[in-house]
Structures are given as C-alpha cells and as structure tokens.
Amino acid sequence: MRSSWGQGRDPEPYLYLAPMLALLAVFTYWPLVHTAYLSVVRWNMAPGAAMPFVGLTNFASVTSGSLFAAASYNTVIYLAASIPLKVLLPIPIAVFVWSLGGRGAAYRTILFLPTLISFVVVSVVVLWLLNPMGGHVPALLAMAGVAMGNPLADAERAIWLVIGLSSWKVLGFHVLIYVAGLSAIPRDLVEAMRIDGAGDWRILRSLIWPLLGPTTLFVLISTILFTLQQCFTPIDILTQGGPSNGTTNLFYMVYQLAMRSFDIGGGAAGTVMLFALLLLLVAAKFALLDSRVAYER
Amino acid sequence: MSEAAFRPSPGWRFAGHAVLVALCLSVVVPMAIVLGTSFKVPNEVYRLQPWPDAPTMENYARLFGERAFGTYVWNSVATTALRVVGELVIALLAAYAFARWSFRGRDALFVLVLAAMMVPPQLTMIPLYLLMAELDWFDTWTALIVPHLAMPYAAFLLRQHFLSIPRELYEAARMDGAGSWTTLWHVAVPNIGPAIAAIAIVLAMDSWNEYFWPMLMSTEPSSRTVQIGLREFVEEEFGNYGGLMAGAVLASLPMLLLFFLFQRRIVDTFVSSGVKG
C-alpha cells in the first residue's frame, strides 16, 4: 500500500525514525563493532592501559581451551536435540488440538501457561521438584523403586535436563503456532478429500503436512536461532555451565569468559565467532526460505 | 474457531486426549505443588502431599519482611511500566515513518531495523557492560530501560497495522489540514488501539520475565527486579523451599493475571508472528 506522503526530500520520516535508529546504533550495532575491536587487542581492563593489537591471539587461546571444545560439542547437542523435541513433536499435538476446534480451548490455554512464566521461576521450581533430599520427583520415583540421583550433579545427564526443560517451556507456544498454521488450511480441501474416501493418514500426509511446510520451516529456524540463548537462564541458575562444562554452550561460554574469567579479549573473540556462526545460519535461513517459497508458487 | 475440518478416528482421538491430558498435567501439577508448598510451614514442606494441613502466610510475610521483595516488585513494576511506554512510543514513531512515507533508503533502513532483532544480548554484552560502567548506570532503572527501548519487532507489527488502516482516513485528516504528528496520534493510533494493547502486554511480559540483563546490572539488593530477587533467594536462604515457592508464585502471578484478563489478544499476537512469517 503506497503512502500519501511520497516526496523523497521530506525530512519528516527521518525524524520519526531517528530515535529508533539512534538507539539501535548505540545499543546494538556499535557494540558489535566494538566487540570486534576488543577481540584483536589485549586489555587488562585497567583504565587508560595500553591496548596493543595482538591479531588472532585471543581467538587462538579461546579455541584451544577445553571450555571451547565442550561448549562447541554441547552446542551441537542442544541444536540437534531441539529439532525433534521443539520442532517436530509439537506437530502431531497441534494437529490433534486443531481437530478439536473450539473444544480444544482448555488444552490450548493450559499448554500456553509455561510461556507466561519466566525461566527463572521454572529453574527455581526445578531446584525444588528434583531435589534429591525431598523433592516430589525423586520421592515418587523412589516409591516406584527407581533411584534418580541428582541429575544436576551429573556431567552427562545435566544437559538433558536443561534440554528437557526448555522443550517443555516452549512446547505450548510452538503448538499454538502450528495450530494457527493449520487453521489457515481451507476446509473445502479436507472435505473434498474425505468425500473421495481418503483416510486420516492420507489426508495428513498429502494435504496437511505439505501445507504446514512454511510454518514448520519458521519454527525450525526460530528454534535454531533462539534455543541457545533461551537456555542461558536455566544454565546460569542450575549448573553455571557445569558440572565439568557439561551444560555450557557457545552463548554461555562467552558469558563465562567475559564475566567469570574476566578474559575480555577471549570473550570478545568468542563473540565474534558466534556472530559469524549466526550470520551463516541467517544466510541459510534466507536461502532456504526463498527456495521453499519459490517451490510453493 | 468452532468445528474444525479434520476429525481423526476414535482410536487416535483417545490417544490424542491421553497425551494432551498428560502434557497438561505436566504443567498443572507442578504449579499446584508450588502453590501448595508456598503455604506450608517448614515441617510440612517435605511431605509429598501438595497441600498443607496447616496453611500459613509466613513464607510470604518473610519475603516482604526479611527479604526485600517489596522493593524487588516495585523495581519490576516501575521499570516494566516505563519501559513499555517508551518502547511503544519509539516503535510507533518508527512504524509510522515506514508505513506512511516512501523515502530514500526506506527499504534499507527497514532491513537494518529488523536485522537488529537477530542480535542476541550475549553478543553485545561486553561493550554494553563497559558502557554502563562508564555511565555509572549500574543498579539504576535507567540501565534496565534505555538499552531496551528500541524494539524492532514491535515496530514491524505496528507498521503492518498502520498499513492496514484505510487510506481514506489519512486523506480525510490531510484535507482537514492535519500535519503528520496530529494524524499519527489522533487518527492512526486510536485506530489500532487493540493491537497496541496486545503488543504492550507482550512487551510487559518480556520485561517482567527478563533475567540476563537485570542480572548483569544489579550489584546490590535494592536494585533487583523480582526475578533477580528470586534467583538470589536460592542462595540467601538455601533450603528454605517454602519461601522459594512463595517467591516463585509472586514472580509469576502478575503475568498470569494479565493473561487471564487479556487471553485472546495475547495469544493472537504471539502466534501471528508464526503464521505471517
């Protein structure tokens, strides 16, 4: 829709845009540039100290550490596990909820509740529910003869707890997104297939699944882009990246380097690498999205 | 949405209900346990029965008495309110610019604004932290509000809404001699009231539930938000699970209340992001 004020010389739009642009420049874009700068100098944080250019030293020291290795490995696990749990699992649930129509309202409301509470609350509640000394979950499992131990203290299992929590938290939200996508499917198409004698499975496979494609892609990309940062809170509250770097990921690692080890150069180098990774993912997103959309046409 | 087009066979329907009930229980049961535990005296906390036999308000009283949760809640309320108002105003201005004018660089600037959405807070953390130190903004509301005032996503949504207002309305205002500023606040904004309300609620939730930045910015108890206060409580009163659950309830209640009041709008706003994209 074209606007009524279309003279290119008018300063007005720029004035309206100025606050947003200024804020983004100062709080989003300048920091990226400054981080890149900090990644190639050595700085001991003393005010006014010299900041000699050290090239790629910071990058080398970060990538050679065990923290980086663990964080990278875990990042792959976080991402790989997130796909079935956060992208695929909500789909059959959404299909069912959608098939209930208005009667599914209660389900939709309850499933959405975890989206409303902060991850701080979720983590803190988990500290209680899973507490080996009296939390409900170990107590109930013990009654069934299963010894749960303390997953938070287990270097191998802790990450799965975090993944499980973040999947639980985002499930309702993703289900609702899929339900919205499903609601856009024209009834006549489904009814036509029914009249032709198609069974549930056939309708799902040939009609619903392809039409859900764009929504699925959207959820997939959002999940990949945001899963790592979403997990920051539970990691910080429950395990602080441990035990033995068992739950840290590349996002949390940057925080650990900068704020825990006070390795500003290392943190900055990690940030630059992470940003490059993000750009790659975003580029992949646009490539995929465009080719997919073209196919749909 | 009343009756949907797709109706699976009875076998699948049973399985579907079973799974959904299980999922709902995974949400509701912990919430019940949290609520119940928050009213328990320390002796009862470790009992499996979710509700207390001798309920007490002691845990809540303690939060406001011994711990400064009153201050924490006030910090959260104030920073959220101020921040949402600021975010809305700035987003409205930007959305208006993108929707109502075509100007040089408009598309490029639009991409620039949207691209900022993709930058996670951890990536800007280091320089911003240093900046906050230099400006001496630690432990201030300013630190919690100002860096967040630019909300590209809100601008994006508001622009959509501005674009959907019939041109006639804008034309009529122009005929009457109204300038762009008047038209914005007296024609455009009143027309998308419900959308603004919905976006405001989502922004409020983001602010209320935030952890990362408030955690970095708070070095003393008096500046904590309720989320940070809750997190610190874990260490400050280690083992006081009754109190911890009371804190959890306190930290969640406002948003839950807001949701039940404005249910429809919130879900639609959250979800429309998925379908349009």
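In the text below, chain A, chain B and the rest are named by the order of the sequence lines, each starting its count at 1.
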Should [X] and [Y] count as side-chain neighbours, where that means a heavy-atom distance under 4.5 Å?
X	Y	answer
D236(A)	M215(B)	yes
L112(B)	L24(A)	no
F27(A)	L128(B)	yes
M118(B)	V282(A)	yes
S26(B)	W168(A)	yes
F96(A)	R13(B)	yes
T35(A)	T124(B)	no
Y107(A)	V21(B)	yes

Might you point out which heavy atoms bring [X] and [Y] nearest each other, and give the distance in Å?
X	Y	value
L116(A)	M205(B)	CD2-CE, 3.3 Å
M245(B)	V124(A)	CE-O, 4.0 Å
M259(A)	M125(B)	CE-CG, 3.8 Å
S180(B)	E12(A)	OG-OE2, 2.6 Å
Q227(B)	S118(A)	OE1-OG, 2.6 Å
I126(B)	G267(A)	CD1-C, 3.6 Å

Which region of [X], side chain (C-beta onward) or backbone (N, CA, C, O), has a non-hydrogen atom less than 4.5 Å from a non-hydrogen atom of chain A, or is it both or neither?
X	result
L253(B)	neither
L92(B)	neither
V146(B)	both
H148(B)	neither
I33(B)	side chain
M151(B)	backbone
I228(B)	neither
A115(B)	both

task: Mind telling me whether F232(A) and Y211(B) have parallel, tilted or perpendicular rings, with 30° and 60° as the class edges?
output: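 Y211(B) and F232(A): tilted rings.
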- prompt: Which one of V122(A), V126(A), L129(A) satisfies the side chain to side chain contact (heavy atoms under 4.5 Å, CB included) criterion with P30(B)?
  reply: L129(A)
message: Against P13(A), only a single residue in F98(B), F103(B), Y96(B) fulfils side chain to side chain contact (heavy atoms under 4.5 Å, CB included); can you say which?
response: F103(B)
Atom [atom1] in [X], atom [atom2] in [Y]: separation rounded to 0.5 Å?
X	Y	atom1	atom2	result
N131(A)	Y241(B)	CG	OH	3.5 Å
L171(A)	L23(B)	CG	CG	5.5 Å
L48(B)	H136(A)	CG	NE2	5.0 Å
L250(A)	Q122(B)	CG	CD	11.5 Å
L20(B)	L111(A)	CG	CG	5.5 Å
L131(B)	H34(A)	CG	NE2	9.0 Å

Given that the side chain runs from C-beta out, which part of [X] has a heavy atom under 4.5 Å from chain B: side chain, backbone, both or neither?
X	result
L182(A)	neither
M143(A)	side chain
L189(A)	neither
I208(A)	side chain
I117(A)	both

message: According to ring pair (Phe, Tyr, Trp, His ring centres under 6.0 Å), who are the partners of F275(A), at least two apart in sequence or on a separate chain?
response: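 Scan of F275(A) (ring pair (Phe, Tyr, Trp, His ring centres under 6.0 Å), adjacent residues dropped) gives none.
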Side chain N209(B), main chain F119(A), donor-acceptor under 3.5 Å: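 Pair absent, no side-chain N/O of N209(B) close to backbone of F119(A).
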query: Does Y29(A) use its side chain to pair, donor to acceptor, with the backbone of A116(B) at less than 3.5 Å?
result: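 Side chain of Y29(A) to backbone of A116(B): a pair is present.
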Pick from [options] with the largest number of heavy-atom pairs that fall under 4.5 Å of chain A:
options	answer
P127(B), A97(B), A91(B), C24(B)	P127(B)
V34(B), V113(B), L256(B), V234(B)	V113(B)
W12(B), Y129(B), W208(B)	Y129(B)
V19(B), V89(B), V28(B), V119(B)	V119(B)

query: Who among V95(A), L32(A), L38(A) has the most heavy-atom pairs with chain B under 4.5 Å?
result: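 Highest number of heavy-atom pairs under 4.5 Å: L32(A).
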field: Interface residue of largest heavy-atom contact number with chain B, from V120(A), V26(A), L274(A), under 4.5 Å
entry: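 The option with the most such pairs is V120(A).
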field: Stepwise side-chain contact (heavy atoms from CB on, under 4.5 Å) test for L123(B) and L278(A)
entry: CA-CA 10 Å; L123(B) 291 195; L278(A) 221 70; 4.2 Å; yes
field: Qualifying residues under side chain to side chain donor-acceptor pair (under 3.5 Å), relative to E232(B), sequence neighbours excluded
entry: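 E232(B) satisfies side chain to side chain donor-acceptor pair (under 3.5 Å) with no residue once adjacent residues are dropped.
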- request: Check the surroundings of atom CD in E134(B): do more than 12 heavy atoms from other residues, nucleotides or ligands lie under 6.0 Å from it?
  value: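 Count not over threshold, so no.
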message: Please confirm whether the ring centroid of Y46(B) lies under 6.0 Å from the ring centroid of W128(A).
response: yes
query: Can L100(A) and H17(B) be said to form a side-chain contact (heavy atoms from CB on, under 4.5 Å), step by step?
result: CA-CA 10 Å; L100(A) 293 177; H17(B) 279 292; 3.8 Å; yes
